Amino acid sequence: MTQLDRNSLRVTVGDVTRELPTVRVGSVGRVPLVEFIGDSEFTNAAAQAMLPLIPPGTEVLLTVVTNALPLAHEISDRSGLPYVVARKKRRTYMQDPLIQDVPSMTLGVAETLWLDGPHAARLKGKRVTIVQDVVASGGTARALARLVERAGGTVAGYLAAFKQGTSNLPLTYLQELPESL
Ligand SMILES: O=C(O)c1cc(=O)[nH]c(=O)n1[C@@H]1O[C@H](COP(=O)(O)O)[C@@H](O)[C@H]1O
């Protein structure tokens, strides 16, 4: 990882290098912006590198829209593990969804997660690994863990492409990003 200036940070995953732009977030300062959506080459490199980090015993992956979705798709495809997706908006077709507030978000917006009932059923009795693009405060990860428990599953572990900040979750990740630049 190379800091080019306050406006960008160069990261390399596998043989793919990207210059992440930085964005201003509240009073925190500038944080590097990781975008997997729209970048299959970067997504695929990260998914491939994350395969050995999947916690042993994992039976199902759980992720949340939007940015982590292509990553979870690729990890699922490469590992053969099924994946389940929490949404951030209610959909009219949802049946008995589990609704979970995310207490605080690094990017500055409070959010609510929605897990459709039939999808929650796929977590019941399973060892579930939570997959994210970035874990910062850990608020999203904790909300996803709560959904696993409410669905009757157990959390096998937390897997992220990048860690940013000092959350004390038992997280496996590829690289650590600076909290602010
Ligand atoms: O696109 C995003 O939502 C996102 C971009 C980014 O550069 N960094 C980033 O942390 N996020 C999202 O912010 C959430 C992590 O923040 P915490 O809940 O504070 O750990 C995840 O849902 C990420 O998808």
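Since the model is a prediction, treat every value here as computed from it, not as a measurement. Note that ligands are numbered from 1 as they come in the structure, with each ligand's atoms numbered from 1 the same way.
- The shortest N/O to N/O separation between Val34 and ligand 1 falls below 3.5 Å.
- Only the side chain of Asp133 comes within contact range of ligand 1, with a heavy atom under 4.0 Å; no backbone atom does.
- The shortest N or O to N or O distance between Val135 and ligand 1 is not under 3.5 Å.
- The ring pair (Phe, Tyr, Trp, His ring centres under 6.0 Å) analysis of residues 42-100, with sequence neighbours excluded, yields the pairs Phe36-Phe42.
- Considering backbone and side-chain atoms together, Lys88 places no N or O closer than 3.5 Å to any N or O of ligand 1.
- Pairs of residues two or more places apart, or lying in two chains, never qualify as ring pair (Phe, Tyr, Trp, His ring centres under 6.0 Å) while including a residue from residues 126-151.
- For Val16 against Ala45, the heavy-atom pair with the smallest separation is CG2-CB, 3.7 Å.
- Distances from atom 14 (C) of ligand 1 to the heavy atoms of Thr140, Leu69, Val64, Leu20 put Thr140 nearest.
- Atoms of ligand 1 lying under 4.0 Å from any heavy atom of Gln132, numbered from 1 in the order shown and given with element: 21 (C), 22 (O).
- Remark: distances from the non-hydrogen atoms of Pro32 to ligand 1 include one below 4.0 Å.
- Contact analysis leaves Ala68 out of contact with ligand 1, as no non-hydrogen atom separation drops below 4.0 angstrom.
- At least one donor-acceptor pair under 3.5 Å links the side chain of Glu59 to the backbone N or O of Arg127.
- Side-chain N or O atoms of Thr2 include none that pairs as donor or acceptor with a backbone N or O of Arg10 at under 3.5 Å.
- Between the side chain of Asp133 and the backbone N or O of Ala160 there is no donor-acceptor pair closer than 3.5 Å.
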